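Take a look at the structure below.
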Amino acid sequence: MRFKISPNFLTVLIALPIVGQPVCFAQSLRKEAQKLGLLVGAAVDPARFSEPLYAEMLASQFNMAEPENAMKWQATEPARGQFNFTAGDQVVEFAEAHQMKVRGHNLLWGVFNPAWLTEGHFTPDELRSIMKNHIITVVSHYRAKVFAWDVVNEAFDRNGQLKHTLWYDRPGIGLAGQGTAYIAQAFRWAHQADPKALLFYNDYAAEGLNAKSDAIYAMVKDFKRRHVPIDGVGLQMHLMDLNQIPTSVAANIARLAALGVQVHITEMDVALPMNASGKPLHRADLSRQAKIYGEMATICAEQPGCTAFQTWGFTDKYSWIPHYTRGEKGDALLFDANYRPKPAYRAVLKAFAQAARKNPKTIERRLEIEHHSLQ
Ligand code: XIL
């Protein structure tokens, strides 16, 4: 199946009024991001590619896509040793048809694993071989198609301690009690399977300076010193409370970049409190949301080491937030449920445009970092 969008289709859509307001295709995040040498992405669900507006918006606004669930363990290895790449391949196919990069997510996580794995009562030796086989098989399948992987997801708790997981110490792969050794092992296998892929550690609530981001920083520093192949850190940026927005994000990105790794904002959304009829409780929250998106986009755009800015979905029609918060929060993304751009969209666009005018050296430096990392 091909998902290519014809130019005629675009013309039709420009003229198509939706709930009284035309969708504006004249502006494009990806065009602005391109001027910055920045990737702008969204988490995607290939089951939606057949929806014309979904496909059109994705292709016109973003130059990177990451499968929201399609490359997770449950999807790719639903039974031991049996791999299924159907959904992930659809993301790659869509991206190739629209000159977008694919970010892979994720190879190792303590949660969202299939029951055969979590309830299998494997020994550390068995788990080690299951983990190796999974990482090598998935990364090899997507070699030269997925340019960057979240190798390990959410390994630290809020205090900067390693979480107790299947992979670490329950029972673990034979490296229990040895700190980040199991993480290093995951990176080594991923690198072995695709030496050119950029390898990321990805986590939430580690955007600013805090105990968790300190632990991540210390791990990256240690990995760099010991030549464990790590290329970047993903800052998820799920902002669930308008009154608790992380500070010192720029300082955190700067210190990571100083270690020689890239930073990607990987999963940004800004959840708004909702009323019982599924509308934002306070209309003014839409501008608060816009301000937060704009600020984070500026921080990323102004730091050469921040090479990608991605949101977790792009339309409020499909977002994990309402389900995750049991309907209490929602409307967290850049486009509303009818694919109309929200104030948040305009704020990101403006942040990119301003950053592009501000400091050409930043862009040059970012392009150098990207070029270097692809060699
Ligand atoms: C979420 C997806 O959005 C949901 O559809 C799924 O049910 C659970 O996972 N951090 C991550 C993402 O790294 O993989 C999570 O995605 C959101 C939190």
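All of these numbers come straight from a predicted model, not from anything done at the bench.
Side chains of Gln178 and Tyr168: a donor-acceptor N/O pair is absent below 3.5 angstrom, by distance only. Arg288 and Asn243 form a side-chain donor-acceptor contact under 3.5 Å, judged by distance and modelled atom types alone. Side-chain polar atoms of Glu154 and Trp109 form a donor-acceptor pair below 3.5 angstrom. Side-chain contact of Tyr217 with Asn252: a donor-acceptor pair under 3.5 Å is absent, judged by distance alone. Looking only at atom types and distance, the side chain of Gln310 has no donor-acceptor partner in the side chain of Thr266 under 3.5 Å away. With 3.5 Å as the limit, one finds a donor-acceptor pair spanning the side chains of Thr86 and Asn84. Residues Arg255 and Ser213 have side chains that bring a donor and an acceptor to within less than 3.5 angstrom of each other. Between Gln61 and Tyr345, the side chains place a donor N or O and an acceptor N or O closer than 3.5 Å (distance only, hydrogens not considered). Counting only N and O atoms by type, the side chains of Glu267 and Asn202 include a donor and acceptor under 3.5 Å apart. Trp320 and Asp269 are linked by a side-chain donor-acceptor pair at a separation below 3.5 angstrom, with hydrogens and angles left out of the test.
Closest approach of Pro229 and His191 over heavy atoms only: CG-CB, 3.5 Å. Looking at every heavy atom in both residues, Ala75 comes nearest to Asn69 through CB-O, 3.7 Å. For the pair Trp167 and Leu108, the tightest heavy-atom approach, listed with the atom from each and the gap, is CE2-CD1, 3.4 Å. Residues Leu127 and Pro171 approach most closely at CD1-CD, 3.6 Å, considering heavy atoms. For Leu333 against Ser319, the heavy-atom pair with the smallest separation is CD1-CB, 3.7 Å. For Arg80 against Ser129, the heavy-atom pair with the smallest separation is NH2-OG, 4.4 Å.
Residue Thr76 holds its OG1 atom at 12.5 Å from CD of Gln82, rounded to the nearest 0.5 Å. Going from atom CE of Met237 over to atom SG of Cys300 covers 8.0 Å, rounded to the nearest 0.5 Å. If you take NZ on Lys279 and CG on Leu272, they are separated by 12.5 Å, rounding to the nearest 0.5 Å.
Put simply, the side chain of Val139 does not reach to within 4.5 Å of the side chain of Gln192, judged on heavy atoms. When side chains are defined from C-beta on, Met274 counts as touching Pro280, because their heavy atoms get closer than 4.5 Å. Side chains of Leu162 and Ile183 form a contact here, defined as non-hydrogen atoms less than 4.5 Å apart. Contact of the Arg30 side chain with the Gln99 side chain is registered, since non-hydrogen atoms from C-beta on lie closer than 4.5 Å. In this structure the side chain of Pro124 never reaches within 4.5 angstrom of the side chain of Ile173, judged on heavy atoms. Using a 4.5 Å heavy-atom cutoff, the side chains of Thr180 and Phe187 are not in contact. Side-chain contact between Met71 and His105 is absent, with no heavy atoms from C-beta onward closer than 4.5 Å. For the pair Val102 and Tyr142, the minimum side-chain heavy-atom distance is 4.5 Å or more.
Salt bridge annotation for Lys342-Asp331: absent, with no cationic side-chain nitrogen under 4.0 angstrom from a carboxylate oxygen. A salt bridge is defined here as a Lys NZ or Arg NE, NH1 or NH2 lying under 4.0 Å from an Asp or Glu carboxylate O, and Glu96 with Lys101 fails to meet this definition.
Applying the ring pair (Phe, Tyr, Trp, His ring centres under 6.0 Å) rule to pairs touching residues 256-301 yields Phe200-His264, sequence neighbours excluded.
Linking ILVMFWY residues whenever their side-chain heavy atoms come closer than 4.5 Å, directly or via other members, leaves Leu286 and Ile321 in distinct clusters. Note: the hydrophobic cluster containing Met64 does not contain Val92 (ILVMFWY, side chain heavy atoms under 4.5 Å, direct or indirect links). The hydrophobic clustering, which links ILVMFWY residues whose side-chain heavy atoms are closer than 4.5 Å, places Leu29 and Tyr339 together. Hydrophobic cluster membership is shared by Val91 and Phe85, with clusters built from Ile, Leu, Val, Met, Phe, Trp and Tyr side chains linked at under 4.5 angstrom. Cluster annotation: Val146 and Ile136 are assigned to the same hydrophobic cluster (Ile/Leu/Val/Met/Phe/Trp/Tyr, side-chain heavy-atom contacts under 4.5 Å, transitive).
Judged by the 6.0 Å and 45° rule, Arg48 forms a cation-pi pair with Tyr318. Within the cation-pi definition used here (under 6.0 Å to the ring centroid, within 45° of the axis), Lys212 does not qualify as a partner of Phe156.
Of the possible donor and acceptor atoms, one in the side chain of Asn275 sits under 3.5 Å from a partner among the backbone N and O of Gly278. In this structure, Asp316 contributes its side chain and Ala332 its backbone to a donor-acceptor pair below 3.5 Å. With hydrogens and angles disregarded, no donor-acceptor distance shorter than 3.5 Å links the side chain of Asp231 to the backbone of Gln262. One N or O on the side chain of Gln289 and one on the backbone of Val270 form a donor-acceptor pair closer than 3.5 Å. Judged purely by atom type and a 3.5 angstrom limit, Asp157 uses its side chain to pair as donor or acceptor with the backbone of Gly160. Under a 3.5 Å cut-off, the side chain of Gln90 and the backbone N or O of Ala47 do not form any donor-acceptor pair. Using a distance-only test at 3.5 Å, with no hydrogens or angles considered, a donor-acceptor pair links the side chain of Ser287 to the main chain of Ala284. A donor-acceptor pair under 3.5 Å is absent between the side-chain atoms of Lys145 and the main chain of His141, judged by distance alone.
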Exercise. Going through the checks in order, is the salt bridge (charged side-chain N to carboxylate O under 4.0 Å, His left out) test met by Glu32 and Lys35?
Worked result: CA-CA 5 Å; Glu32 286 305 326; Lys35 293 182 201 159; 3.1 Å; yes
Problem set entry | Verdict with supporting geometry, Arg225 and Asp222, salt bridge (charged side-chain N to carboxylate O under 4.0 Å, His left out) | CA-CA 5 Å; Arg225 188 178 54 80; Asp222 171 55; 3.0 Å; yes
For this session: Show your working on salt bridge (charged side-chain N to carboxylate O under 4.0 Å, His left out) between Asp150 and Arg103 and close with a plain yes or no.
Result: CA-CA 8 Å; Asp150 287 332; Arg103 223 184 157 275; 2.8 Å; yes
For this session: Could you give me the CA-CA distance, side-chain angles and deciding distance for Arg366 and Glu370, then say whether salt bridge (charged side-chain N to carboxylate O under 4.0 Å, His left out) is met?
Result: CA-CA 6 Å; Arg366 180 179 291 117; Glu370 286 169 331; 5.4 Å; no
For this session: Apply side chain to side chain contact (heavy atoms under 4.5 Å, CB included) to the pair Tyr54 and Phe49, showing each step before the final yes or no.
Result: CA-CA 6 Å; Tyr54 185 96; Phe49 290 163; 3.8 Å; yes
For this session: In sequence, state the C-alpha distance, the side-chain angles, and the governing distance for Glu302 and Thr362, and then conclude on side chain to side chain donor-acceptor pair (under 3.5 Å).
Result: CA-CA 7 Å; Glu302 288 187 349; Thr362 306; over 6 Å; no
Exercise. Does the pair Met268 and Ile292 meet the rule for a side chain to side chain contact (heavy atoms under 4.5 Å, CB included), with working shown?
Worked result: CA-CA 11 Å; Met268 186 164 180; Ile292 295 161; 4.2 Å; yes
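Below 30°, between 30° and 60°, or above 60°: for Phe94 and His98 the angle between ring planes is between 30° and 60°, a tilted geometry. Ring geometry, Phe62 versus Phe314: the interplanar angle falls from 30° to 60°, so the pair is classed tilted.
Tested against Phe223 for a side chain to side chain contact (heavy atoms under 4.5 Å, CB included), the candidates Val261, Leu199, Val228 yield a single pass: Val228.
The aromatic ring centroids of Tyr204 and His238 lie 6.0 Å or more from each other.
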